[in-house]
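Step one of this worksheet: look at the structure below.
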Amino acid sequence: MFYLIGLLIGIVIASVLYTLNRKVSFKWYDWVFSALIIGLLSVGTQHLLSSLAGFETSAAWFGFALFGGLAVILALVEWRLLSTRSKTA
């Protein structure tokens, strides 16, 4: 569990450093979206692992699909916002 959360945080830090080196400007809502994405992914991972430990596989995958799907949708919205902002600048 801690490995997955550490890996997720490392990917987020690397992507933030990459975008800061490319001179992409962040607005305040970009940080809110990023925090929500990280939170949803960590909640989904926690739900998946705890439900699998309790031998409830259908609930595990349904919860992971729910939280992970919301995180992916928010990530796509955030990516679209950042890509349009960098093209217009």
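Numbers here simply count residues along the sequence, with the first being 1.
- The CG atom of Leu66 lies 8.5 Å from the CG atom of Leu40; values are rounded to the nearest 0.5 Å.
- Residues passing the side chain to side chain contact (heavy atoms under 4.5 Å, CB included) test with Leu17 are Ile13, sequence neighbours excluded.
- In the hydrophobic clustering (ILVMFWY side chains linked at under 4.5 Å, chained through shared members), Phe62 stands by itself.
- For Leu7, the side chain to side chain contact (heavy atoms under 4.5 Å, CB included) partners at least two apart in sequence or on another chain are Tyr3, Ile11.
- Chaining together hydrophobic side chains whose heavy atoms lie under 4.5 Å apart places Phe64 alongside Leu48, Leu52, Trp61.
- Taking CG of Leu76 as the reference point, atom OG of Ser83 lies at 10.5 Å (rounded to 0.5 Å).
- Once rounded to the nearest 0.5 Å, the distance linking CD1 of Ile38 with CG of Leu74 reads 12.0 Å.
- Contacts classified as ring pair (Phe, Tyr, Trp, His ring centres under 6.0 Å) and involving residues 30-55 (residues at least two apart or in different chains) are given here: Phe26-Trp31.
- Atom CG of Asp30 and atom CD of Glu78 lie 4.0 Å apart (nearest 0.5 Å).
- In this structure Tyr29 satisfies the side chain to side chain contact (heavy atoms under 4.5 Å, CB included) test together with Lys27, Leu81, Arg85, sequence neighbours excluded.
- Both Val77 and Phe67 belong to a single network of hydrophobic side chains, linked directly or stepwise wherever heavy atoms of I, L, V, M, F, W or Y lie under 4.5 Å apart.
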